[in-house]
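Since the structure comes first, as structure tokens, the remarks are kept for the end.
Just so it is clear, the values below take in all heavy atoms, side chains as well, and ignore hydrogens, waters and symmetry mates.
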Amino acid sequence: MNCKDCVERLETFLDRELSDAEVVEVKRHMDECGGCVQRFEFYAELKRLIFHSCGQERAPLELRDKVGKLLA
């Protein structure tokens, strides 16, 4: 695996959506590539920040009702 292949898989790696074989490949590559580890750490931190910034709040009840009516 090269850096391009690794970077293309980092998001799905973080989301735990890779096959077992792909996980092994990505981990093996990162064991030898500090640049990809840094990119992985950046993506992991970004995902954490987004979750904590956006994942905790709920939409106002009025908005949820409007959206629910539109989808019904």
Side-chain angles (χ1 to χ4, degrees):
M1 173 174 289
N2 59 37
C3 292
K4 181 181 179 288
D5 294 333
C6 183
V7 169
E8 288 175 355
R9 290 178 172 83
L10 285 180
E11 188 173 338
T12 51
F13 179 83
L14 282 166
D15 291 339
R16 296 183 173 120
E17 296 176 349
L18 294 178
S19 68
D20 292 341
E22 289 174 310
V23 168
V24 169
E25 287 182 52
V26 170
K27 285 182 177 181
R28 185 178 301 140
H29 178 80
M30 286 196 295
D31 284 344
E32 299 174 3
C33 183
C36 285
V37 170
Q38 287 179 334
R39 219 174 256 192
F40 167 78
E41 290 170 351
F42 173 80
Y43 288 154
E45 180 64 13
L46 180 62
K47 187 175 180 93
R48 187 189 70 74
L49 288 171
I50 290 170
F51 175 78
H52 287 292
S53 296
C54 303
Q56 303 296 323
E57 295 181 31
R58 294 190 67 174
L61 183 58
E62 184 179 298
L63 176 61
R64 287 185 279 149
D65 286 343
K66 286 181 182 179
V67 171
K69 288 176 185 174
L70 288 171
L71 295 175

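- The two residues Cys36 and Leu10 make their nearest non-hydrogen contact at O-CD1, 4.3 Å.
- Of the possible donor and acceptor atoms, one in the side chain of His29 sits under 3.5 Å from a partner among the backbone N and O of Met1.
- Within the structure, every pair that satisfies the salt bridge (charged side-chain N to carboxylate O under 4.0 Å, His left out) test and touches residues 11-37, not counting sequence neighbours, is listed here: Arg9-Glu22, Asp15-Lys47.
- Val24 and Leu18 fall into different hydrophobic clusters, where Ile, Leu, Val, Met, Phe, Trp and Tyr side chains are chained together by heavy-atom contacts under 4.5 Å.
- Between Phe13 and Phe40, the distance from one ring center to the other falls under 6.0 angstrom.
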Stepwise, does the side-chain contact (heavy atoms from CB on, under 4.5 Å) test hold for Cys33 with Cys6? CA-CA 10 Å; Cys33 183; Cys6 183; over 6 Å; no
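- Here salt bridge (charged side-chain N to carboxylate O under 4.0 Å, His left out) pairs that include residues 62-72, with residues two or more places apart or in two chains, are Glu62-Lys66.
- One hydrophobic cluster holds both Ile50 and Tyr43 under the rule that ILVMFWY side chains link at heavy-atom gaps under 4.5 Å.
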